[in-house]
Each structure stands twice: as C-alpha cells, then as structure tokens.
Amino acid sequence: GQYMSLFKNKNKGQVLLDEPLGMHWDVEDPFTFVSHHEDDYPEGNSQQAPPLGDIGGRDLGRDYDKRLGFRMYHGKVVPGFPAHAHWGYETITIPEKGYVDHFDNLGNQGRYGFGDIQWLTAGERYQPVSYTHLTLPTKDQVQISVVA
C-alpha cells in the first residue's frame, strides 16, 4: 500500500512519522486538516454520474463509506462537494491522478489534475464546488486545509 512519511527537513534527517496512507492524516496542529481521497470511480454517464446500480443504497449527500471502490462524498448525482463555504481558511488540493472540475459562485471554473495544485483563498461569501470528472480517470487526491 501507499505510505506517508514526514521528515524533519525536506526528505532528510529523522523520520517523524511513517504510516499507511489513510483518508485523514493525524497532524499535530489543531488548525490543520489533511485528507487523502483515493477512489476508483467507474466511467460516468452523460451527467457524469456513476451507474445507478453502483449508487443505489448509499447515503447520498453524506457518503464516506468506500463501496465498490469509491465514495460519493457530498454529491447526490456526481461524486464531490456541492457549493460549500470556505470562509477563513486556505485550501490546497493536489490531484495526483485524474481530474477535478471546479466551479464557484463568482462564475470561475476550471479543471486541474495529475499533479496540478489548486490553492484557494476565500472571502466570506465565496462558495466553491468541486466534482470528480467521471469520463476521465480519477483516483487519488490530497487536500490540505489551514484555518487562518
């Protein structure tokens, strides 16, 4: 499996932590939240939704149970995170494999993936939307949120 390692000085020196890579990382700073999403999504239909048989019986809108290799998270049709507040913290998202489609309430939109980095600084009325693109391969992303 994959492992995460934290080093004292940029891949040199003492290893501070070496453990299997899970969904949420144990960090010492109470104002830092780090999560690792690894999902093996099936090919989506014309609405970017997984096959209906694959999402039946899930708690759509709150699906964090990995069934059939993937989670829907807060998505009800497309896996991902519908409009949500990002007030008062920075968010860094790095999709290692696959793509993420991003939209917001200000009309901005884009797609990033395969090592691209999205750094999001948001004001009090900003609401981003992030969805997994199911007609393109998507498997692995890391998201770091820091409360400012």
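It should be emphasised that the depicted structure is a prediction, and the values quoted were computed from it without experimental measurement.
Taking Ile, Leu, Val, Met, Phe, Trp and Tyr as members and joining any whose side-chain heavy atoms lie under 4.5 Å apart, directly or through other members, the hydrophobic cluster of V77 also contains V78, F103, V129, Y131. Its side chain within the 4.5 Å cluster rule, L106 clusters with L120, Y126 among the Ile, Leu, Val, Met, Phe, Trp and Tyr residues.
For residues 68-81, the salt bridge (Lys or Arg N to Asp or Glu O under 4.0 Å) pairs, not counting sequence neighbours, are D39-R71. Sorted by first and then second residue, the salt bridge (Lys or Arg N to Asp or Glu O under 4.0 Å) pairs involving residues 59-70 (not counting sequence neighbours) are R58-D63.
Between the side chain of D40 and the main chain of G69, no donor-acceptor pair closer than 3.5 Å is present. Between the H74 side chain and the G61 main chain, a donor and an acceptor come within less than 3.5 Å of each other.
For T121, the side-chain hydrogen bond (donor to acceptor under 3.5 Å, both in side chains) partners are E90, not counting sequence neighbours. For the ring-ring contact (aromatic ring centres under 6.0 Å, His included) test, residues two or more places apart in sequence or in another chain that qualify with Y73 are H37, Y64, F81. D116 pairs by the side chain to side chain contact (heavy atoms under 4.5 Å, CB included) definition with Y112, not counting sequence neighbours.
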Side-chain atoms of residues 50-57: list all donor-acceptor pairs with protein atoms under 3.5 Å, sequence neighbours left out, distances to 0.1 Å.
none

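Residue W119 holds its CH2 atom at 10.5 Å from OG1 of T91, rounded to the nearest 0.5 Å.
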